[in-house]
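Reviewing the structure listed below.
Treat the numbers as computed from the prediction; the structure is a model and nothing was measured. Letters A, B, ... mirror the listed sequences (proteins, then strands); counts begin at 1.
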2 protein chains.
Amino acid sequence: MFSERQQQIVGTAIKIIANNGIQNLTTKNIAKEIGISEPALYRHFNSKLEILKAVISYFQIKMQPASEKLKKNSNALNKIENFMLEHLKIINQNPDFAKVIFSEANFQNEEDLILKMNNMMNQSHKILEAVVQSGQNNNEIRNDISSLSIIRIIIGSMRLLVTQWSMSGMIFNLENEGKQLNDDIKKLINEK
Amino acid sequence: MFSERQQQIVGTAIKIIANNGIQNLTTKNIAKEIGISEPALYRHFNSKLEILKAVISYFQIKMQPASEKLKKNSNALNKIENFMLEHLKIINQNPDFAKVIFSEANFQNEEDLILKMNNMMNQSHKILEAVVQSGQNNNEIRNDISSLSIIRIIIGSMRLLVTQWSMSGMIFNLENEGKQLNDDIKKLINEK
DNA sequence: ATTATCTTTGTTAGTATTCACTAACTTGGT
DNA sequence: ACCAAGTTAGTGAATACTAACAAAGATAAT
């Protein structure tokens with residue numbers, strides 16, 4: 001789908017966003033970092049917006065394995081645990097992602113980008129909702145709490161954890177803290 | 001502290017960020033929206049950065065009442081409930097805030113702004129932590145869950161709720177959904 | 001096999017536009 | 001007469017993007 005040069009451009013864009021903020025994501029900076037001229041970029045992407053779209057696609061592809069964990073055959077709480085830990089594992093392995101994720105607000109006025117980003121998020125939320133509800137039907141997850149609240153708790157706390165990790169300069173172990181958080185959530189929502 | 005004109009400038013900046021994204025927050029747009037010339041802005045602020053700092057200060061002042069709820073004399077669960085609901089009430093009354101709040105990533109490369117924003121958040125987290133821990137000591141809040149996880153759940157789910165509300169175009173009632181979320185969190189963390 | 005052409009990917013040198021900000025002047029209230 | 005708060009006109013720097021050309025390898029014709 002993406003040529004090697006295109007992948008290099010996308011990777012460089014992510015690196016720049018992570019290190020210097022999206023304000024410094026300029027065609028000039030991308031070209032300089034790669035070591036080619038600015039117009040050469042336009043041989044591979046029609047516009048800067050196309051590059052940003054590719055960044056989201058790349059992100060989406062990389063995060064896919066986390067959503068897959070929600071589909072594997074297992075009980076609900078295990079699926080959720082695997083989802084969370086896989087999610088954090090991927091981010092831990094690609095720390096640049098953490099800062100790009102939260103730039104969703106920066107994409108605010110680019111309709112296409114918002115849609116692309118929203119679709120990505122809603123997708124995993126939908127699957128997660130089904131998992132939570134089936135868990136509630138099996139008396140595996142507490143039934144006196146709305147599935148919506150449970151989802152908000154899971155996704156919200158996970159995102160906050162990543163934010164804190166990223167903003168702290170990654171001084172703590174993301175996967176360990178994630179495991180702790182997941183254990184606590186499991187304790188809270190499981191139907192004894 | 002801030003003159004009327006300064007308040008108008010800050011308010012206009014917030015409006016622009018909310019409606020058009022921070023990329024469109026330009027001195028030109030602020031001036032045009034107010035109906036004065038661009039250089040007139042510089043009679044009231046030394047630079048655009050100063051305007052952004054004022055935006056954060058304004059935000060901080062407006063959000064203060066929410067943190068105050070954590071200090072009022074009451075039991076832990078009530079304090080948390082009042083904190084959450086007050087927070088959402090303020091945001092509901094100032095919908096423009098929602099989009100500015102979680103744009104901390106936008107301030108990424110402005111050291112001063114990051115610090116200002118981080119201080120603001122850590123402040124309420126610290127107070128919340130004390131409330132949760134005292135609740136745990138009083139056997140009011142479950143003790144088998146780390147206070148850190150509880151805080152992440154409360155703040156994380158609340159932030160996600162606001163994000164969803166803002167991204168959905170505010171189609172649902174933020175305060176009602178907040179009440180529901182808080183009820184569910186209370187059920188989860190209270191020590192029966 | 002050699003030559004000719006095409007395509008891909010790069011280059012240098014520019015474009016118009018926009019940005020935050022400034023210089024110099026004006027006006028109206030105290 | 002002074003001063004706060006406005007104006008018009010303009011600055012250099014940066015931005016996304018383009019025009020025109022160059023080189024080199026693949027493809028095709030002779």
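- Here A/Q136 pairs with nothing under the side-chain hydrogen bond (donor to acceptor under 3.5 Å, both in side chains) rule; sequence neighbours left out.
- For B/Y42, the ring-ring contact (aromatic ring centres under 6.0 Å, His included) criterion is met by no residue, not counting sequence neighbours.
- Among the heavy atoms of the strands lying under 4.0 Å from A/S37 is at least one base atom, whether or not backbone atoms are also near.
- A/K32 places its NZ atom 18 Å from the C1' atom of C/dT11, with the value rounded to the nearest Å.
- Of the candidates C/dT11, C/dC19, D/dC17, the closest approach to any side-chain atom of A/I36 belongs to C/dT11.
- Here the P atom of nucleotide C/dT22 and the NZ atom of B/K28 are 18 Å apart, to the nearest Å.
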Which pairs of donor and acceptor atoms, one on a side chain in residues 75-84 of chain A, lie under 3.5 Å apart (sequence neighbours left out)?
residue, atom, partner, partner atom, Å
A/N75, OD1, A/L77, N, 3.4
A/N75, OD1, A/N78, N, 2.8
A/N78, ND2, A/S74, OG, 3.4
A/E81, OE1, A/K186, NZ, 2.5
A/E81, OE2, A/K179, NZ, 2.9
A/N82, ND2, A/N78, O, 3.3

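- With hydrogens and angles disregarded, no donor-acceptor distance shorter than 3.5 Å links the side chain of A/K69 to the backbone of A/H87.
- Using a 4.0 Å cut-off on heavy atoms, the residues of residues 38-46 of chain B that approach DNA chain C are B/E38, B/P39, B/Y42, B/R43, listed by number.
- Within the 4.0 angstrom heavy-atom criterion, only backbone atoms of the sugar-phosphate kind lie near A/L25; the bases stay farther away.
- With sequence neighbours left out, the salt bridge (Lys or Arg N to Asp or Glu O under 4.0 Å) criterion links A/K15 to A/E33.
- Between the CD atom of A/Q6 and the C1' atom of C/dT9 there is a distance of 13 Å, rounded to whole Å.
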Side chains of residues 56-68 of chain B: which donor-acceptor partners sit under 3.5 Å, not counting sequence neighbours?
residue, atom, partner, partner atom, Å
B/S57, OG, B/K53, O, 3.3
B/S57, OG, B/K116, NZ, 2.9
B/Q64, NE2, B/E68, OE2, 3.2

